[in-house]
Amino acid sequence: MSHQVLDTLFLEERKFTHIIKQPVVRGVVNVLLAFAFFMALWWVFMDPRGWLRWYTPQYGYMYIRWLLIVAIWQVYIFNFWPFKIEWLEKTHPLQKGLIMIGINFAITGILVWVFYYWIFGKLAIPYFSWPELKKTGLSDFFSREYSSLAILMMAAIASWLSPIWPSAFENYPWHRLQQPAKGFTVLAVTFLFTTYAYFIFMHPHYRVLFYPWQEYTAAFPWWYESFRTLSGNFNVGWIMCATVSVWLTETILEHYPFRLVEKQPWRGLAGFAFILLLAWILFFTFTFMQDMVWGVSVEGAKRLMAPDWRYLHNGELAVILLTVALALYFYFDNWPRKFSTEVNLLVRVAIVIVGAWGLHWLYYKFSPGLLGTQAGYSHPQQFPMAPVILFINVMLYHGWFMDCWPGRRIRKES
Amino acid sequence: MEKDFTRRTFIKGMAVGTMAGYLGAAGLSSTVFKNQLLPQEKLNQVDIGEIKALKIKVVSETSWYDNNVFLNDVKGAGGLLVNQYTIPWTCAGVAAGYQGSNLGGFSTYIEATLMDGKVMKIHFDTGWNPAWMEKRFREEGVAEKLAKKEIDFMVLSHEHIDHFFGLEATLKFYPDIPLYVPKGFYQEGFDFLKGKSFPAANAINNIPHRGKMTVLDSSKVNILYPGIALMTFDVPIILRVFGEQAFVFNVKDKGLVLVTGCCHQGIISYMEEVRKKVKGGEKIYAIEGGLHISPFEDWDPQYDDLIMAFNKYGVQKIGCNHCTGFITAEKMHKAGLPVIKGTARNMTKRDIYLGNGDELAIA
Ligand SMILES: [Fe+2]
Ligand SMILES: [Fe+2]
C-alpha cells in the first residue's frame with residue numbers, strides 16, 4: 001500500500017524460502033497437493049458415496065461455510081493470536097497446519113452445536129437449531145436441512161463483512177489496540193453488522209419457508225417485486241459476489257484503486273463502495289450471460305429457468321472465479337508483478353477470466369465422477385459452492401497456516 | 001510496494017475505476033434492457049395430431065406411507081444425493097404402511113381414443129412395492145389387461161424407486177410389454193429391467209423384460225401416435241436419478257393435456273417447453289399427475305413462486321397428486337387454482353386431490 005498503512009497482518013510480513021525453486025513446478029505441485037487434501041476431506045466428510053456423507057446437502061455445506069469464516073477470523077481478525085510470531089516462524093508448517101486446522105474445526109463445531117443449536121436456537125429463534133425445529137414436529141431430516149441453511153447464511157454474510165475491516169479499513173479506528181483486544185473488538189463489530197444484514201437479507205426467506213407463512217415474525221421478502229422470487233437465493237447470489245469481490249481486491253487487485261485514497265476511514269469507505277460496485281457488476285454480468293445462454297428466466301419455473309436458481313448460480317460462478325484468483329495468488333506468486341500496477345492487474349484479471357472458464361468446464365465435466373454429485377447445472381439439492389468453497393478452505397489452510405509448504409517455507413527474520 | 005502517491009497514479013486509478021463503472025453500467029443496462037438486447041425467442045411448434053378422448057385412472061399415487069420413515073431412510077443413508085439402489089428402504093414394521101411396509105408406488109392407467117376410434121391403452125409407471133402394486137393392478141383391472149396383452153405399451157417416467165422398483169408386478173403379467181424409457185437411466189436401471197435385483201435396497205426383480213425397449217431423448221417431441229406425445233427432460237434428480245419424460249395429449253375441442261409422473265422438470269418449466277415446442281401449447285387445458293413440489297411436506301419459498309405464477313397459465317383442470325404434496329394442494333386451493341378433489345380411498349389419506357382409484361375423463 002502506498003502510504004500510511006495503519007495496520008498490517010502477519011500474513012503480509014512473511015518472507016519465504018522457496019524449497020521448490022522453479023516457480024511453475026512449485027505452483028503445480030502445490031495445487032496438486034491442495035487438491036489431494038481436498039479430495040480426502042470431501043471423501044471423509046461429504047461425498048454421498050463416502051464415509052460420513054454430510055453433504056445431504058445443507059448439513060455439510062453449513063460446516064464448509066463456517067470453516068471458511070473461522071479461518072478468516074483466525075488469520076485476518078485475530079492475526080494468529082494466541083500464537084506468537086516466533087512460534088509461527090520456527091514451527092514446522094505441518095505441525096502448524098495440524099494445530100490450526102484442528103482449532104478451525106473445533107471452533108466451527110462449538111459454534112454450530114453450542115452457540116446455534118443449544119443457545120441461539122433454543123432461546124431465541126428455533127430455526128437456527130436442528131433439535132429445536134424437530135421439537136416443533138418437523139421431520140428430523142428437514143429440521144437439520146432448514147437450520148443448516150440459516151446457520152450457513154450467517155457465515156456467508158460474515159465472509160463478506162468480516163474481512164472488510166482488516167482489509168479495507170486496516171482495522172481503523174482500532175488499529176492501535178493489541179491482540180486479542182483488537183480481534184475481539186473487530187469480531188464484535190463485524191458480527192453485529194452481519195447479524196443486522198442477516199435479518200434484512202435472509203430472515204424474510206424464513207417467513208415464507210414455513211407453513212403457514214410466519215407473518216408476525218418476519219417481513220415479506222421485500223425483493224419480490226423487483227427480482228421475481230420470494231427466495232433468499234437472490235441475496236445469497238449477490239452477497240456471494242460481494243464476498244468474492246472482497247477477496248479479489250485483497251489478492252489479485254491489491255486493494256486497487258481504493259488504496260489511492262489517502263486517509264482512513266475514507267479509504268475503507270471507498271473500499272466498501274468499490275467492493276459493492278464490483279459485486280453488482282459480477283452479479284449483473286453473470287445474470288446477463290445466463291440470459292444469453294438459456295433465455296430469460298420465468299417466474300415460478302424450476303431448474304435452469306428459475307429466477308432464484310439463476311441468482312444462486314451467479315454466486316456459484318463468482319466462487320469459481322475466486323478459486324482461480326486464489327490459486328494464482330497463493331501458488332503462482334500473484335503473477336505478474338513486474339509491470340506497472342495497472343498492467344499487472346489487467347493481466348491477472350485476464351488470467352482469472354480465462355482460468356475460470358476452464359475451471360467451470362472442468363467442474364461440470366468431472367464433478368459427478370470425482371465428487372459423487374449429479375451431472376447437469378441445475379439440481380434442486382446440489383450446491384457447487386460447497387465443494388468449491390471447501391477447496392478454497394484448503395487453499396487458505398495451505399497458504400495461511402502452512403505457508404504453502406512444501407513449495408516454500410517461512411524465512412526467519414530477526 | 002508502491003512508491004509515493006502521485007497525481008499520475010491517481011489519474012490511472014480513476015481511469016480503471018471508470019472502466020469498472022462502465023462495465024457495471026453495461027451489466028445493469030443489459031439486464032434492464034434485455035428485451036432489446038437478447039435474441040428473440042423462437043417458437044418451434046410441432047403439430048402432434050389429435051385424439052378424441054382421454055381417460056386417466058390413478059392406480060396408485062401413494063408412494064410411501066410414513067414421511068418420517070422415508071426421510072429417516074434418506075438421512076441414514078447420507079441425504080438426498082445418495083444412490084437410490086444402495087439405500088435400505090424400510091419395508092417392515094411401519095404402522096401406517098401397507099402390510100407393515102412403508103413402500104407403495106406410483107402408477108397411472110391411461111386410455112386414449114384415437115380419431116379412428118381405436119383405444120390406446122397405456123400403462124404409465126409400475127410403482128414400488130410389488131405386493132401393493134399387484135393388489136392395485138388387480139383392483140383396477142390393469143392386471144387382467146396386462147395378462148391379456150390388451151395394454152399397448154408401458155412408459156416409465158423416470159428411474160425413481162417409487163415409479164420403477166415395482167417392475168416385477170408388471171412383468172409378472174406381461175414380460176414382453178413394449179416399453180419407453182427416458183434417456184438418463186443408469187446401468188443399474190437397465191440391469192434391473194433385465195432381471196437383476198438390488199437386495200441392499202429391497203429392490204427385487206426376478207423376471208427379465210423381454211419386449212421391445214425404446215429410449216427417448218430430449219432432442220424432439222416424440223410423437224407415439226397422432227395426438228399422443230412424450231417429452232423428455234435432461235434433469236438431474238435427487239437420489240441419483242437423471243432424466244424424466246411426461247405425456248402431452250391433444251384432445252380435440254379441448255386442448256393439450258399434460259400427464260406427468262413426478263414432473264421433476266417443474267410444471268411451469270414443462271408448460272413453457274410445451275408452449276415453445278407443441279402446437280396449441282399457449283394454452284394448456286388440463287394437467288394430471290405428480291408435480292413434485294412438496295413431496296415430503298417440506299417447503300421452500302421457490303414453491304410459492306410457482307403457486308403465485310400458476311394462475312397466469314389459465315389451466316382449467318388440475319388433477320395433481322403424489323409428490324405434489326398436501327401443503328401445495330392446500331395452497332393451490334387457496335390461490336383459486338382448479339385442483340380437482342378426490343375421494344380419499346385405497347390408502348390415499350386426504351380428498352384434497354385425486355387419489356388411488358380416482359379418474360379424470362376428458363372428452
Ligand atoms: Fe415420484
Ligand atoms: Fe420422482
Side-chain angles (χ1 to χ4, degrees), chain A residues 1-3 48-49 53-57 59 139-142 144 205 208-211 221 228-233 256-257 260 262 274 277-278 280-281 283-285 287-288 291-292 295-296 298-308 341-342 345 372-376 378-382, chain B residues 1-5 9-10 12-17 20-21 23-24 26-28 30-31 34-35 38-39 41 67-68 71-72 74-75 77-83 234-238 240 242 264-266 268-269 272 296-302 304-310 312 327 331:
Chain A
M1 271 123 282
S2 45
H3 45 282
R49 307 159 305 182
R53 303 187 184 186
W54 286 349
Y55 187 49
T56 59
Y59 184 60
S139 65
D140 188 27
F141 182 72
F142 280 101
R144 194 170 75 173
H205 176 96
V208 290
L209 179 89
F210 296 105
Y211 181 66
R228 307 178 301 137
T229 180
L230 292 167
S231 170
N233 277 343
Y256 197 82
L260 302 175
E262 216 163 339
F274 177 78
L277 175 72
L278 187 58
W280 283 89
I281 291 173
F283 188 76
F284 281 109
T285 307
T287 301
F288 184 63
D291 288 350
M292 292 290 283
V296 178
V298 176
E299 278 164 83
K302 278 195 183 181
R303 310 300 185 98
L304 289 178
M305 296 308 285
D308 77 303
T341 310
E342 295 76 10
L345 298 196
T373 54
Q374 276 262 279
S378 175
H379 187 296
Q381 298 290 344
Q382 209 163 273
Chain B
M1 284 284 148
E2 183 93 352
K3 298 157 294 291
D4 280 339
F5 174 75
T9 48
F10 183 74
K12 277 195 211 156
M14 289 304 291
V16 173
L23 283 171
L28 187 69
S30 56
T31 302
K34 59 185 154 205
N35 292 340
L38 288 170
E41 176 188 274
N67 238 332
N68 283 323
L71 287 171
N72 284 338
V74 171
K75 179 169 170 267
L80 292 166
L81 296 168
V82 176
N83 179 355
D234 297 319
V235 281
I237 309 174
I238 53 171
R240 210 218 51 173
F242 195 97
H264 290 285
Q265 69 271 29
I268 286 181
S269 298
E272 286 288 326
F296 316 115
E297 306 304 335
D298 54 321
W299 203 252
D300 187 294
Q302 192 206 44
D304 284 312
D305 292 349
L306 189 153
I307 289 167
M308 287 160 86
F310 214 141
K312 285 188 269 182
I327 295 183
K331 288 197 181 203

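Note that the coordinates shown come from a computational prediction; the quantities given were computed from them, not determined experimentally. Letters go in sequence order (proteins before strands), and every chain restarts at 1.
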- Task: Decide side chain to side chain contact (heavy atoms under 4.5 Å, CB included) for Gln382(A) and Leu81(B); before the verdict, give the C-alpha distance in whole Å, the side-chain angles of both, and the deciding distance to 0.1 Å.
- Result: CA-CA 8 Å; Gln382(A) 209 163 273; Leu81(B) 296 168; 3.4 Å; yes

- Message: Could you go through Asn233(A) and Gln302(B), starting from their C-alpha distance and side-chain angles, then the distance that decides it, and tell me whether this counts as side chain to side chain contact (heavy atoms under 4.5 Å, CB included)?
- Response: CA-CA 9 Å; Asn233(A) 277 343; Gln302(B) 192 206 44; over 6 Å; no

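The two residues Leu71(B) and Ser139(A) make their nearest non-hydrogen contact at CD1-OG, 3.3 Å. Of all heavy-atom pairs between Gly78(B) and Thr56(A), the closest is O-CG2, 3.7 Å. When all heavy atoms are compared, the tightest approach of Val82(B) to Pro48(A) is CG2-O, 3.7 Å. Minimum heavy-atom separation, Leu209(A) to Asp300(B): CD1-CA, 3.8 Å.
Ranked by heavy-atom pairs under 4.5 Å with chain B, the first of His205(A), Arg49(A), Met305(A) is His205(A). With respect to chain B, the highest number of heavy-atom pairs below 4.5 Å among Gly376(A), Gly372(A), Gly295(A), Ala375(A) belongs to Ala375(A). With chain A as partner, the option from Ser269(B), Gly266(B), Pro301(B) having the largest number of non-hydrogen pairs under 4.5 angstrom is Pro301(B).
With sequence neighbours excluded, no residue forms a salt bridge (Lys or Arg N to Asp or Glu O under 4.0 Å) with Arg144(A). Every residue two or more places apart in sequence or in another chain that forms a side chain to side chain donor-acceptor pair (under 3.5 Å) with Thr229(A) is listed here: Asp305(B).
With a 4.5 Å cut-off on non-hydrogen atoms, Asn67(B) does not touch chain A at all. Using a 4.5 Å cut-off between heavy atoms, Asp298(B) touches chain A through backbone and side chain atoms alike. With a 4.5 angstrom heavy-atom cutoff, Ile237(B) touches chain A via backbone and side-chain atoms both. With a 4.5 Å cut-off on non-hydrogen atoms, Tyr59(A) does not touch chain B at all. The part of Ala306(A) that comes within reach of chain B is its side chain, from C-beta onward, which places non-hydrogen atoms under 4.5 angstrom from that chain.
The closest side-chain heavy-atom distance from Lys302(A) to His264(B) is not below 4.5 Å.
We find the CG-CG distance between Leu230(A) and Leu306(B) to be 11.5 Å, quoted to the nearest 0.5 Å. Annotation: the span from Gln374(A) atom CD to Leu80(B) atom CG amounts to 11.5 Å, rounded to 0.5 Å.
Remark: the backbone N or O of Gly79(B) is not paired with any side-chain donor or acceptor of Arg53(A) at under 3.5 angstrom.
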